[in-house]
Amino acid sequence: MSETRCMAGRLQELALLYLIAASREGLPVGDGRLEAVIDQLQARCPTIPPDQLRALVLEAFDVLLAAEDPEALLQATLEAVEPHLSQAQRQAVLHDLLRIVEADGIVMESERQLLEMVARRWGLEPPYERVRVLDPGQEGIPEVLIHLALLYLVLAHGVDHELTRQERQIIVRKLRAWCPDLTDQQLAAVLQEAIDRYAEGLTEAELRASAEAIKMALTPEQRLTAFHDLVQIANADGTFLDTEEDLLNELVDLWELGPHVEATELSSA
């Protein structure tokens, strides 16, 4: 059986494996990731009617929700599916898993570890190469810019767990406004460095340290500009969540912006 032919015989196990990857961070599976799961399964078995496939995915999702030990479920699912996959099919499934965890814009560290574990288990190379493209001390790139990018990411991805193309474009525009002399390559490197730090797992202490570093590096007027950047990024998806408002209110206090930020600015954002 080639990797492009129907894997209907193992579709239930594949659906479960893909959902495990989609929920690796222990978060609700967002619409983007759920659609990625369905899309990849449909590609593996294009003869299955879409409604039937969606129902199968929902059944697998019920199994995932009922599992008391997610790690045991992962191992059992791999043991069930892998004897029926050729090496080429295993490679295709591994790339499916990558597309699923990439669906919300950022691959978190626990998701990278899952991909690496499956790759080792199947005797394959990981489906990506981890390269640090930026030396944080690189001449011409202020460290505060990375801290700003990190906060932008927290608002864009950390609340609703999805980094949209629009949010990414806004972040790049905001970074460019801070350092207009940087090249496109340097700005991309700054954003990737922030994504790498965020994906490794950002603690509350590390987030606060970034916010404090910004406070120390910027004037009050610049901090107000950064705050307005964050409000715009929070609104980029058309929805302003309570958790986003809570984080912004914390920054109002930390950055001492109270006299400059109207109470209605957030509630009506």
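Everything quoted here is computed from the prediction, not taken from an experiment.
Remark: Leu150 CG to Leu155 CG distance equals 11.0 Å, nearest 0.5 Å. Atoms CD1 and CG, from Ile214 and Leu145 in turn, are 9.5 Å apart once rounded to the nearest 0.5 Å. Interatomic distance, Leu163 CG to Glu102 CD, rounded to the nearest 0.5 Å: 12.0 Å. Atom-to-atom distance recorded for Arg173:CZ and Leu187:CG is 13.0 Å, nearest 0.5 angstrom.
In this structure Arg120 satisfies the salt bridge (charged side-chain N to carboxylate O under 4.0 Å, His left out) test with no other residue, sequence neighbours excluded. In this structure Thr225 satisfies the side-chain hydrogen bond (donor to acceptor under 3.5 Å, both in side chains) test with no other residue, sequence neighbours excluded. Remark: Ile20 pairs with Leu16, Leu64, Leu73, Leu74, Thr77 by the side chain to side chain contact (heavy atoms under 4.5 Å, CB included) rule, at least two apart or across chains. Looking at residues two or more places apart in sequence or on another chain, you find a salt bridge (charged side-chain N to carboxylate O under 4.0 Å, His left out) between Asp229 and Lys174. With sequence neighbours excluded, the residues satisfying side-chain hydrogen bond (donor to acceptor under 3.5 Å, both in side chains) with Arg121 are Gln75, Glu82. With sequence neighbours excluded, no residue satisfies side-chain hydrogen bond (donor to acceptor under 3.5 Å, both in side chains) with Glu250. Judged as a side-chain hydrogen bond (donor to acceptor under 3.5 Å, both in side chains), and not counting sequence neighbours, the contacts of Glu35 are Arg54. Listed by chain and number, the residues in a side chain to side chain contact (heavy atoms under 4.5 Å, CB included) with Gln91 are Leu94, His95, Leu124 (sequence neighbours excluded). Remark: Val101 pairs with Ala21, Arg33, Leu98, Val107, Glu111, Leu115 by the side chain to side chain contact (heavy atoms under 4.5 Å, CB included) rule, at least two apart or across chains. For Asp69, the side chain to side chain contact (heavy atoms under 4.5 Å, CB included) partners are Glu71, Ala72, not counting sequence neighbours. Residues satisfying the salt bridge (charged side-chain N to carboxylate O under 4.0 Å, His left out) criterion with Glu68, sequence neighbours excluded, are absent altogether. Judged as a salt bridge (charged side-chain N to carboxylate O under 4.0 Å, His left out), and not counting sequence neighbours, Glu59 has no contacts.
Criterion: ILVMFWY side-chain heavy atoms under 4.5 Å apart, direct or through other members. Under it, Leu17 and Met117 are part of a common hydrophobic cluster. Linking Ile, Leu, Val, Met, Phe, Trp and Tyr whenever their side-chain heavy atoms come within less than 4.5 Å puts Leu56 and Leu65 in one cluster. Under a hydrophobic-cluster definition in which Ile, Leu, Val, Met, Phe, Trp and Tyr are linked whenever side-chain heavy atoms come within less than 4.5 Å, directly or via other members, Leu254 and Leu153 are assigned to the same cluster.
Of all the heavy atoms in Arg44 and Tyr18, the pair that sits closest is CG-OH, 4.1 Å. Closest non-hydrogen pair, Glu13 versus Ala80, comes out as CG-CB, 3.8 Å. Here the shortest heavy-atom pairing between Trp255 and Lys215 reads CD1-CB, 3.7 Å. Minimum interatomic distance between Leu19 and Phe61 (heavy atoms only, all atoms of both residues): CD1-N, 3.4 Å. Between Pro83 and Leu78 the shortest heavy-atom distance is CD-O, 4.3 Å. In terms of heavy atoms, Met108 sits closest to Tyr198 at CE-O, 3.5 Å.
Looking at Leu53 and Leu11, their side chains come closer than 4.5 Å, going by heavy atoms from C-beta outward. Counting heavy atoms from C-beta on, the side chains of Gln42 and Pro50 come closer than 4.5 Å. Between Leu257 and Leu251 there is no side-chain heavy-atom pair separated by less than 4.5 Å. Put simply, the side chain of Leu151 reaches to within 4.5 Å of the side chain of Leu207, judged on heavy atoms. For the pair Trp178 and Val144, the minimum side-chain heavy-atom distance is 4.5 Å or more. Leu14 is not listed as a side-chain neighbour of Gln40, based on a closest heavy-atom distance of 4.5 Å or more.
The closest donor-acceptor contact from the side chain of Gln52 to the backbone of Pro49 lies at 3.5 Å or more, if one exists at all.
Note on Arg197 versus Glu143: salt bridge recorded, some NZ/NE/NH1/NH2 to OD/OE distance being below 4.0 Å. The existence of a salt bridge linking Arg208 and Glu212 is confirmed by a sub-4.0 Å separation between a basic side-chain nitrogen and an acidic carboxylate oxygen.
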Just do the side chain to side chain contact (heavy atoms under 4.5 Å, CB included) check on Ile170 and Glu167 with the steps written out, would you?
CA-CA 5 Å; Ile170 291 174; Glu167 288 170 332; 5.7 Å; no

His157 and Ile195: side chain to side chain contact (heavy atoms under 4.5 Å, CB included), yes or no, with the steps?
CA-CA 10 Å; His157 181 273; Ile195 287 174; over 6 Å; no

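Summarising the local packing, CD of Glu79 is surrounded by more than 12 heavy atoms from other residues, nucleotides or ligands at distances under 6.0 Å.
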